[in-house]
Amino acid sequence: MTGWVKNLDNFHLGKPMLVLAAIALISGIAIGTRREAGEADLTVWVFAESHDKTYRQLIPRFEKEHNVKVNLSLLNARAVTVRLGQIFMSNQMMRDMPDLVEVEINLAGRFFRPPVHEIGFMPLNVYLTESGLDQQLVQSRLATWSKQGIVFGIPHDVHPCTITYRHDLFWGVEHADGTFEGPRIDLPACKTWPQLQEACLNFKKYWRTKGYKYRHALEMPESSSENFQAMLLQRGINPIDSYGNVYLDVDPRVAQTLAFYAQLVAGPNKCTTQTQPGWVAFARDVAEGSVAAYITPDWRMNYFKRYGAPAFGKMRMMPLPVFDKGDSPTSTIGGTMMGVVRASPRPEQSLKLLEYLYFSEDGIRIQNETNEIIPPIKSMWTNEMFHRADPFFGGQRVEELYAQLAPQIPPRYVTAATPIVNLALNDAVAKAVNYVEEHGADAGLEPACKAWLADMADDLRKRIKQWRLDS
Amino acid sequence: MSRGVDHISPTTTARQERWWRLQRKLAPYLFISPFVVLFCCFMLYPLCRSIVLSMYKAAGPREMRFVGLGNYKFLMQDKMFMAAVANTTYFTVMFLSVQIPASLLLAIVLNSKRLKCRNILRFSFFSSHLVGNVFVAVIFSMLLAQRHGLINKAIAIVAPFIGPELNWFGKPELAMPAVVLAALWISLGYAMVYFLAALQSVDQELYEAAEVDGAGRWHKFWHVTMPGIRPVLIFMILVGTIGSYQLFELPYVLFYGVWTNYAITIVMYLFQMGFEAGDIGYASAIGWMLLLIIFVVSLIQLKVAQTREDVA
């Protein structure tokens, strides 16, 4: 034994190489003897932990009822996009190929790049008509997952947006000694964006006089176009449609909205701030009251409850203010679809599973318990679970408000050009913010916005022409 | 059981000889074949394929159209690509002009025999390099967070007129410095190790001779140390330039979801076009253009270094 150890000691390539070789051997054995996941009849890829959690509770019953084995895999959203993209591009049946896949809205565009007959997902128009789902689902939500009128994905959600705000900071609180502290701002009374800005400026003024230098009225990023695009959607404007038509310079309201947005987040009338992505800074902002109001799609409501415990009972919710009379009092941010892979050998079973996960009573109930989002199927909105008083929001029926707003969400299109449109609009916001910081929101702002947008639209059209195979 | 040599017939011996000769001839090829096979499968074929792809418009498995140099032509007038090249070059210049002198200074300090706990300090500075880029980006996104980040809080204490709300990721003038800051944190110790090794290999007799000649600290550094570590210095600048032009993970995580023209790098743009917009052909063209940029920049650097050497 001692001799053996001594031999190891004198390993001719040195001890580090010996350790490396041992690690390689051990990990090789571990990989080689790893138990393979059993053969499944249906494979489902999801990217969200909450979805995975929901479906794991539902799948055993489906397996029992339909006598099939389902393999559910949780993958990173980007990994889903890259792997699925490779599968579609290689045009080959693969051993681990999924039957059903969930795709996130910001990453879905690339799958809609090929001509409609080449898209890797199964067209679902016939299925939707035959099942009657086309009448039951929120129509505008189907537009998101379609190309040139052909639907390729079933919406998992609607994600209507509201504004959630700290009632105690906007209105105020009455202390035990009978004194009242607060700016007495009735935020839900603001029906238009300019009214909301004025209310937010009053908020800022009040809290600055009280010594709160870093308390902000509204969360609104200075470098991202996400909320700007939500505002455009409220006005029924998509920067680009599913046919690749660009609207940035066609509709004058785009430049107006950009100019308004820029002077809201920068310059002398700034009443907003930006929060860091992730929950750490968000939780602290909510707890400390550094930010008093947030644009809140339904999926974000759960974040407040999970990370914003000190705000319990102090939060309230209201519809989005509008710009003009015909605008929608809501918008949409985020979204997920589930599609059946065209090459799936079991499309009917896949659709049955999809229906069960998304639209069964059990599915909706468990989904609501996990993440409290509004399902896209209208008949479900009458369910009692969407009409409960929520103690976190001071007893307000917030899910009822979401259900009321859900049918009014404008259609949002996702195309292969969407990532580039986002990049261009982020840049437009940055330019407009820079202008306001240098010159203020003077008369030159809107024409400048118009010129940038025209430039960007021109560039986008050139790109789309370059991409198109028929050009 | 065994047969003696004298029992082997001359024909068998000749056959064995031929077999051995064949083995001797083939053995080197056999030994290098695993590498060659893997290299051809995973490097050469993808490289050649990407050249071919860069000349196609690709929208699906059956939908590909040959466009010749069309992708490259479009790239030349692509404003976003130009912005990405400008940002990456800006990062490279800013990063190298801080990293090289700072790591050299650190190496000189940590090479001093008068310094106590040298090994602990050396390891401490190097240890940041053991952490992955993604992890560092996550840490820095927290450190630089508005209101709550440690760096912003420190700024608010030192310079109260600035306050804790510097928007590092949202301001064009702060975005790249934020990436440089994170990149320096990872790479200072790594470069320091190289310089440390170079400093230790400089001939001590040269210092003694310089001292005899009455040279001061600065003269010793300039006329003995610098020529001594010159090859390593050139190597570090070259490797640093190549690495900087390939910058991806740090800004990708730091600006997660909020990519703007003032913070996008060449590889980020390549990723976006290839994996998010699905234009594999155009992404391949960007990849080859990146290779060309790196090649030209490296060539210029080597040429400049060579010219200076000749002058010296």
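Worth saying up front: this structure is predicted, and the values here are computed from it rather than measured. Scope of the values below: all heavy atoms of this structure, side chains included, with no hydrogens, waters or symmetry mates. Below, chain A is the first sequence line, B the second, and so on; all start at residue 1.
For B:Tyr90, the OH atom is densely surrounded, since the number of other residues' heavy atoms within 6.0 Å is greater than 12. Counting heavy-atom neighbours within 6.0 Å of A:Tyr212 OH, excluding the residue itself, gives a total of 12 or less. Under a cut-off of 6.0 angstrom, the local environment of CG in B:Leu130 is crowded, with over 12 non-hydrogen atoms contributed by other residues, nucleotides or ligands. Shown here is B:Met76, whose CE atom has more than 12 heavy atoms of other residues, nucleotides or ligands within 6.0 Å. Within a 6.0 Å radius of CZ in B:Phe135, other residues, nucleotides and ligands contribute 12 heavy atoms or fewer. B:Phe66 CZ: more than 12 foreign heavy atoms inside a 6.0 Å radius.
For A:Ala108, no part lies under 4.5 angstrom from a heavy atom of chain B. Only the side chain of B:Phe271 comes within contact range of chain A, with heavy atoms under 4.5 Å apart. Interface residue A:Lys462: backbone and side-chain heavy atoms are both found under 4.5 Å from chain B. Using a 4.5 Å cut-off between heavy atoms, B:Tyr269 contacts chain A through its side chain alone, with no backbone atom that close. Residue contact with chain A, scored on non-hydrogen atoms closer than 4.5 Å, involves the side chain of B:Asn167 exclusively. Only the side chain of A:Val291 comes within less than 4.5 Å of a heavy atom of chain B; its backbone N, CA, C and O stay farther away. Using a 4.5 Å cut-off between heavy atoms, B:Met80 contacts chain A through both its backbone and its side chain. Contacts between A:Glu226 and chain B at a heavy-atom distance below 4.5 Å are absent for every atom of the residue. If you measure heavy-atom distances from B:Phe74 to chain A, the contacts under 4.5 Å come from the side chain alone.
Ranked by heavy-atom pairs under 4.5 Å with chain B, the first of A:Thr415, A:Leu425, A:Asp285 is A:Asp285. For the set B:Gln77, B:Lys171, B:Arg147, the count of heavy-atom pairs under 4.5 angstrom toward chain A peaks at B:Arg147. Between chain A and the options B:Ala145, B:Gly70, B:Ala83, the largest number of non-hydrogen pairs under 4.5 Å is found for B:Ala145. Per-residue counts of heavy-atom pairs under 4.5 Å with chain B were compared for A:Ile420, A:Thr81, A:Leu107; the largest is that of A:Ile420. Chain A forms the most heavy-atom pairs under 4.5 Å with one residue out of B:Tyr262, B:Phe169, B:Tyr282, and that residue is B:Phe169.
Side-chain contact between A:Glu288 and B:His148 is present, with at least one heavy-atom pair separated by less than 4.5 Å. Residues A:His216 and B:Glu165 form a side-chain contact, since some pair of their non-hydrogen atoms from C-beta on lies under 4.5 Å apart. In this structure the side chain of A:Asn106 never reaches within 4.5 angstrom of the side chain of B:Glu276, judged on heavy atoms. Residues A:Ser223 and B:Phe255 have side chains not in contact (no heavy-atom distance under 4.5 Å, counting atoms from C-beta outward).
B:Ile280 CD1 to A:Gln86 CD: the interatomic distance, rounded to the nearest 0.5 Å, is 8.0 Å. If you take CG on A:Leu423 and CD on B:Gln272, they are separated by 5.0 Å, rounding to the nearest 0.5 Å.
When the options A:Asp459, A:Asp427, A:Asp455 are evaluated for a side chain to side chain donor-acceptor pair (under 3.5 Å) with B:Lys79, the one that passes is A:Asp455.
Of all the heavy atoms in A:Pro419 and B:Ala277, the pair that sits closest is CG-N, 4.2 Å.
One finds a salt bridge joining A:Arg463 and B:Asp78 here, because a Lys/Arg side-chain nitrogen approaches an Asp/Glu carboxylate oxygen to under 4.0 Å.
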